[in-house]
Each structure stands twice: as structure tokens, then as C-alpha cells.
Amino acid sequence: MQSLSQGFDPVLSINSGQVFLWEKHDDSWYGIYSKHVIRLTKAGGRLEFSSFPELESCEQKMFRLDDDIGRIRTEISHDPFVYKLVKAYPGLRLIRQEPHQCLFSFVCASNTNIPMIRRMLYNLTKKFGAPVQVDGKEFFTFPSVVDINRATVDELCACGLGYRVKAIKAVAESIASGKLDFGALKNASYEDAKKELLQVYGIGNKIADCVLLFSLEKLDAFPIDVWIARALASHYKWLYKKQFGEKITSHQYELLSGSIREYFGRYAGYAQQYIYYHMRQNAGKKW
DNA sequence: GTACAGGCAGTAT
DNA sequence: ATACTGCCTGTA
């Protein structure tokens, strides 16, 4: 059992759309971090973290307390829009994810919505993960690559993955064969790591950038999904050398990505997170 | 019925 | 280089 000092809001962060397998029961939030169940409890203004089985200093890892958040915020705040967002959402943090779970999660996230993503991932854990009892409730760990490789296409389809099964299988195969090696990717540059990820069937620009940012320590990665694309079109129009449509092509992605990463610098991914959160918060609102 | 949701790959121009 | 298409599945 560990306690956390105040200053950020983990509940806000886990509900900001970076992670999917979290649920609330009574006064606690429970999340799946690979083979562990993480419990977050707000007790009398204090935050308590536990993990089952125990994962040493999981809150340090998960919430990137090793990052110099003050410096990061200062650096990305040279942009006036992000400056406002940093003030507006002081509790928001980037969450560090476990690479396998992160990659499979974002492969499932393509062309669908968050409730569906949660359902697919929950089905996967229930079918192929291992049960863990915490506080009298049953949770399921995230399946391993071996588990997913062993699964048949039909079994995966039954989880509601649809056409994503082909990509899931390709990813699992790449990891199992050693072609995709997260350890090596962590040590590689952003450009080299991204190149490797893009080799795999089913991994495109957006998914690659999500995995690089959320699980492979590439804080300069700047995933551009539909929400971010809208934000760039309305707040960063000057980045566009020419007009793009609603949907951006692979080449346009690379152009935009290059410009915005250069603009925000080594912590561009943090800037992305503030912008993304803001866009989701204000979805449907006039602003 | 049909449009749409946190993309991607394949094909044709 | 860009445009267009289909794709599982559930919900509005």
C-alpha cells in the first residue's frame, strides 16, 4: 500500500482516453496493467495505490512521476493554446503503459468508438487472460502474446474484434518471432522505432505513434487521430502548407507530424495529450 | 434502413 | 501523390 501526494489527478488521467481497461467500484478504480490489477482509492483526500500481484512503485511508473512535469509544461507552453490548457487541466498526466497491452489495445481501437474498444479488450481478457480476485471481485489479466498466438481466428472473432483479428494475429506473430522487439524499440530513435512498427500489418501512423508515446518512451511522438486532426485544423492552421480534407492521407500525416513535432519539441507528446483531452472534453460544445 | 465511430490496407488514377 | 473503397460490430 502506497500513498501519493496531491498535485495531479490520476482519475482524470485514466479517464482521459489513453487507457481502456479501468472500472470504478465504490470508492476505488481498478485497472489492468498487463499481469497486474492496479487499485486506486481516494480515502479522505489521500490517494492510495495497490497492485495485485504487487508491482513495485507502480504509481511512479504509471503516472510518470519520474518526469520533470514542471519543465515539460514550461517547454510546451511556448505555444499559447497549450499554455492555456496546461493551466486548465493541472491534473492531467501522460500514462505509461505496458507495450504489449498498449499495442494490442490500439490495434483494437481502429475505426471504432471507446465503448466498443472497452468491450473488445474486456472480452479478450476474459477469454484469454487469467482471473485475479481483488476485494471479492474478479478481474482478468491482459493476455500474453503466447495466449493470443494460441487463439484461433474464430475465438478472437467471438470477442467482437471483427476484421481487426487479422491485424491482431500479425502483431502477435511479429512479436513471437522476435521481429518486433519492444526492448530494442525503447533504445532506438523515434524514427527507427516507428519504421519498425510500420512494417507490421495493421500498424499505421496513428497506432505506431500511440505505442511510441504511451509505452516506448518516445515523448516526442505526436499521435494524430481524428480529434487531433480537428484541433490542428482549427488552432494550428498555419502548419498546413496546403488545404487538407477531413481525412488525412499517410503522406499528409507525415508532413503534419513532422511540423508539429518540430514545433513542440522533445515533449510534443505531452502537448498532444492536453490538446486531445481538451477536444474530448469539449466535444459537442460550442467553443 | 443507414450513418457513424479514436484507422488501415489495397487499388486505381 | 491523392482519391476512393471495404471492413466487423454495435448504437442512434
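First the proteins, then the strands, lettered A, B, ... as listed; each starts at 1.
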* Measure from CD1 on A:I114 to P on C:dT11 and round the result to the nearest Å. => 16 Å
* Could you check whether A:I228 gets within reach of a base, just the sugar-phosphate, or nothing at all, counting any heavy atom under 4.0 Å? => nothing
* What integer distance in Å separates A:D154:CG from C:dC8:P? -> 13 Å
* Does a salt bridge link A:R64 with A:E217, judged by any charged N lying under 4.0 Å from a carboxylate O? -> yes
* **Note, A:L124 side chain near A:L161 side chain (heavy atom, < 4.5 Å)** => yes
* To do: Find out whether the Lys NZ or Arg CZ of A:R261 is both under 6.0 angstrom from the six-membered ring centre of A:Y190 and within 45° of the ring's axis.
  => yes
* To do: Could you say whether A:G202 or A:R280 is positioned toward the 5' end of DNA chain B, judged by the nucleotide with the nearest heavy atom to each?
  => A:R280
* Indicate, with a heavy-atom threshold strictly under 4.0 Å, whether A:Y276 touches base, sugar-phosphate, or nothing. => base
* Rounded interatomic separation in angstrom, taking CE from A:M116 and P from C:dG10 -> 6 Å
* CD1 of A:I207 versus C1' of B:dG6: gap in Å, rounded? -> 10 Å
* Asked: Could A:E48 and A:R46 be called an ion pair, given the rule that one side-chain N must be under 4.0 Å from one carboxylate O?
  -> yes
* Can you check the A:N111 CG to C:dT11 P distance for me, whole Å? -> 16 Å
* Considering only side-chain heavy atoms of A:T112, which listed nucleotide, B:dG6, B:dA5, C:dA1, is closest? -> B:dA5
* Atom CG of A:N205 and atom P of B:dG7: how far apart are they, to the nearest Å? -> 13 Å
* Structure fact -> pair_partner(B:dC8), Watson-Crick or wobble, both distances < 3.5 Å, evaluates to C:dG6
* To do: Identify, between A:G204 and A:R230, the residue whose nearest nucleotide on DNA chain B lies closer to the 5' end.
  => A:R230
* Asked: Looking at A:W227, is A:R280 sitting on its ring face, NZ or CZ under 6.0 Å from the six-membered ring centre and within 45 degrees of the normal?
  -> yes
* Counting any heavy atom closer than 4.0 Å, what does A:R164 reach on the DNA or RNA strands: base, sugar-phosphate only, or nothing? -> base
* May I ask you to say what A:I203 touches in the nucleic acid, namely base, sugar-phosphate or nothing, with a heavy-atom cut-off under 4.0 Å? => sugar-phosphate
